Amino acid sequence: SFGVNNENFLTTEKGTRRTPRPGFRTTEDKRYALPDGRIAVLGGAKYTGNQVDTIELDGSTTSVKTAETSGDVGQCGSRILAITDTKESPSIADAAFEAYAAQENNEDAVPEALTAVVQLNAPDGDAPRILAVTPVIDNVVSGHNMFACEGDVITQQSLEEVKPGTPDNMTAHERYRWVLRRWDLSTGERMNIPVTDPNGEPFESTDKWFLSGYQGVQVGNEYRLMTRNDLALAVDLTSGQARRLFYMDSRKHTPGGNWLTYQVDKDGVYALEETHEDHVITLFYRPWDGKEWREIFSTEDLSGYLKEGWFSRELKVQSFAVRPGWNGGAQ
């Protein structure tokens with residue numbers, strides 16, 4: 001499933017079908033495959049709001065927009081959820097404070113701000129659908145479009161600022177720690193599980209944004225992810241213990257030594273290299289055990305696609321997808 005500004009495309013073994021998009025879309029953040037075969041397309045921005053287009057099985061599209069919302073987005077089954085707060089998403093404030101007031105045994109003073117889980121693809125009338133709410137969670141850095149989800153339990157990869165307001169000369173490892181934010185939507189229980197190395201020590205994060213832009217997948221009780229800095233990691237979702245799987249040294253393994261773009265599945269990591277000199281794209285594969293690295297295919301010159309004519313502006317491949325179920329890398 002893929003798209004352009006005014007059309008969606010779906011390629012199957014029967015060929016490619018094209019259908020019009022509702023309105024003109026200028027941004028797209030991620031596509032999610034829903035369990036029943038539909039596709040949810042996330043787009044929008046903070047001041048215009050998150051928008052989810054759902055491509056139905058017959059090719060038609062329904063669209064839902066939640067105004068003035070931002071935050072971290074992910075998929076739980078057929079639900080597309082955002083974790084946000086009333087400070088960064090003022091449109092949810094009324095519904096969030098109403099849900100907080102209705103919680104049982106809630107005798108504490110009403111906080112100034114709330115953190116909430118919001119369903120983006122099924123509003124409650126004109127208001128966003130609030131699934132869970134809690135006093136605002138501060139000092140946490142994330143910014144992702146995916147998280148692990150088992151039933152009603154969300155687990156989100158985050159960095160927690162453990163020493164806020166400290167001098168800038170502190171290292172990222174001293175100032176932040178990697179935590180698993182677990183939130184059970186059925187009970188409202190939430191916790192932060194510190195991530196540790198195999199020796200039980202806090203996992204050393206290289207910088208504030210070392211998890212930003214990762215690609216991840218759940219395999220059993222582990223969440224395996226590939227960071228934009230070429231590091232493959234696995235973290236146990238219950239204990240928080242992490243292990244380094246391998247380092248994808250692009251300068252060593254790829255012909256041009258260029259930056260790599262990643263996608264992952266339960267079997268391993270797909271890495272796409274783009275050479276800017278001759279505009280050749282090569283796809284590599286490496287299983288999670290790290291024992292094998294091999295080239296799957298390489299294209300011919302793609303400058304006709306990657307160079308715009310008006311000002312000869314260079315384009316770059318931002319992302320790619322691997323068809324679900326295809327095991328071309330694992331073979």
Side-chain angles (χ1 to χ4, degrees), residues 30 33 74 144-150 155-157 159 172-173 178-180 193-207 209-276 278 280-300 316-331:
K30 192 168 184 62
H144 312 309
N145 285 329
M146 57 176 61
F147 41 63
C149 189
E150 301 171 88
T155 305
Q156 186 180 26
Q157 311 293 326
L159 285 186
H173 181 52
W178 181 9
V179 297
L180 304 180
I193 303 174
V195 175
T196 61
D197 62 22
N199 297 320
E201 298 296 324
F203 188 91
E204 184 169 355
S205 54
T206 54
D207 62 75
W209 305 107
F210 92 102
L211 289 177
S212 178
Y214 76 81
Q215 294 293 328
V217 62
Q218 185 169 344
V219 182
N221 199 48
E222 275 192 336
Y223 197 73
R224 298 181 184 177
L225 52 96
M226 193 74 208
T227 73
R228 62 178 182 175
N229 296 326
D230 303 333
L231 183 61
L233 301 166
V235 56
D236 187 283
L237 292 172
T238 303
S239 67
Q241 186 177 99
R243 54 195 180 101
R244 290 176 172 84
L245 301 178
F246 54 83
Y247 175 64
M248 200 89 123
D249 191 343
S250 57
R251 290 170 297 179
K252 176 180 178 181
H253 289 292
T254 60
N258 296 285
W259 291 107
L260 298 171
T261 304
Y262 296 109
Q263 287 290 346
V264 301
D265 64 15
K266 63 180 181 61
D267 296 313
V269 178
Y270 294 88
L272 185 147
E273 182 201 26
E274 176 186 344
T275 58
H276 301 290
D278 52 7
V280 170
I281 289 178
T282 306
L283 184 66
F284 301 92
Y285 172 78
R286 191 169 188 173
W288 287 114
D289 62 17
K291 295 180 180 178
E292 177 190 20
W293 164 283
R294 66 185 179 87
E295 178 181 326
I296 297 177
F297 65 77
S298 185
T299 69
E300 296 180 350
K316 183 180 185 302
V317 175
Q318 294 177 306
S319 183
F320 68 99
V322 177
R323 177 166 58 85
W326 181 67
N327 63 347
Q331 291 175 344

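All values derive from a computational prediction rather than experimental measurement. When reading the values below, keep in mind they use all heavy atoms of this one structure, side chains included, and skip hydrogens, waters and symmetry mates.
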*Which heavy-atom pair separates Val235 from Gly240 by the least distance, and what is that distance?*
CG2-O, 3.7 Å
*To the nearest 0.5 Å, tell me how far Met146 CE sits from Gln215 CD.*
4.5 Å
_Rounded at 0.5 Å granularity, tell me how far CG in Leu260 sits from CE in Met226._
8.0 Å
*How many angstroms lie between atom CG of Asp236 and atom CD1 of Ile193, to the nearest 0.5 angstrom?*
8.5 Å
_I need the Thr155 OG1 to Leu180 CG distance, nearest 0.5 Å._
6.5 Å
_Stepwise side-chain contact (heavy atoms from CB on, under 4.5 Å) check, Gln157 with Leu225_ = CA-CA 10 Å; Gln157 311 293 326; Leu225 52 96; 4.2 Å; yes
*asked:* Ignoring hydrogens, what is the shortest heavy-atom contact between Trp288 and Asp265? Give both atom names and the distance.
replied: NE1-O, 2.9 Å
*Taking the side chain from Thr299 and the backbone from Ile281, do they hold a donor-acceptor pair closer than 3.5 Å?*
yes
*Closest heavy-atom pair and its distance - Leu283, Tyr270*: CD1-CB, 4.2 Å
*With rounding to the nearest 0.5 Å, note down the distance linking CZ in Phe246 to CG in Leu233.*
9.5 Å
*If every non-hydrogen atom of Ala242 is compared with every non-hydrogen atom of Pro198, which pair is closest and at what distance?*
O-CD, 3.3 Å
*Begin with the C-alpha distance, continue with both residues' side-chain angles, and end with the deciding distance and a verdict on side-chain contact (heavy atoms from CB on, under 4.5 Å) for Thr227 and Tyr262.*
CA-CA 8 Å; Thr227 73; Tyr262 296 109; over 6 Å; no
_Taking every non-hydrogen atom, the tightest pair across Pro194 and Val179_ = CA-CG1, 4.1 Å
*Only one of Phe203, Tyr214, Tyr223 passes ring-ring contact (aromatic ring centres under 6.0 Å, His included) with Trp178; say which it is.*
Phe203
*Compare all side-chain heavy atoms of Phe284 with those of Met248 and state whether any distance is below 4.5 angstrom.*
no
_Once rounded to the nearest 0.5 Å, what's the spacing between atom CG of Asp197 and atom CD of Glu204?_
9.5 Å
*State, yes or no, whether a side-chain contact exists between Thr275 and Thr282 at a heavy-atom distance under 4.5 Å.*
no
*Is the shortest heavy-atom distance from the side chain of Gln218 to the side chain of Leu237 under 4.5 Å?*
yes
*For Arg243, check salt bridge (charged side-chain N to carboxylate O under 4.0 Å, His left out) against everything at least two apart and list the hits.*
Glu222
